[in-house]
Amino acid sequence: MKTKIKDVSIIEIPRVHDERGLLAVIEKKTIPFKIERVYYLYDVPSDAYRGGHAHKELYQLIVPLSGSFDVLIKDGNQSKIISLNKPHKGLLIVPGIWREIDNFSSGCVCLVLASSEYNESDYIRNFNDFLSFKEL
Ligand code: TYD
């Protein structure tokens, strides 16, 4: 799996703005995968650590609906920390990228759109297994 840090991108979610507030829309054309699952994290303690795994085939869009958190991504060669704090900017994570999420703000809500239903066999939860998967 040759995916790299540069394949992870911020997706700008289109918004409709008027005096009544903002309306953000994610449609088929906004993201490069078909949404098969939606889940969200909330009531997350500020010292929580989440993620700590990669996926073999799953694509995800991570959106900080409220508040902020940091996503550390690794491709086996390079790593990068991306702070997510705007509800109209989502992080597109492609398969074969290790992620760790921490530094959750109080009251934060993290929405995740995913390209398939939950499947534990798609997870790589051990970093050495991840490096083998990446053929590193
Ligand atoms: P996990 O994906 O490891 O959470 P995170 O990456 O946020 O730390 O999932 C935590 C637990 O929840 C794990 O036991 C699997 C379960 N789970 C489901 O049952 N369905 C789901 O859609 C997800 C994402 C997790």
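Counting starts at 1 for both ligands and their atoms, in listed order. In this chain, numbering begins with 1 at the start of the sequence shown.
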What residues sit with at least one heavy atom under 4.0 Å from ligand 1?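 Lining ligand 1: R37, Y39, R50, G51, H53, Y118, Y123, R125.
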
How long is the span from the NZ atom in K34 to the CD atom in E36, to the nearest 0.5 Å?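 These two atoms lie 4.5 Å from each other.
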
For the residue pair Y42 and Y40, does the interplanar ring angle fall in the parallel (under 30°), tilted (30 to 60°) or perpendicular (over 60°) class? tilted

A quick test of your reading: do over 12 heavy atoms of other residues, nucleotides or ligands sit less than 6.0 Å from [atom1] of [X]?
| X | atom1 | answer |
| --- | --- | --- |
| F69 | CZ | yes |
| Y39 | OH | yes |
| I10 | CD1 | yes |

Using the ring centroid of each side chain, check whether F127 and F130 are separated by less than 6.0 Å.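 Between F127 and F130, the centre distance is under 6.0 Å.
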
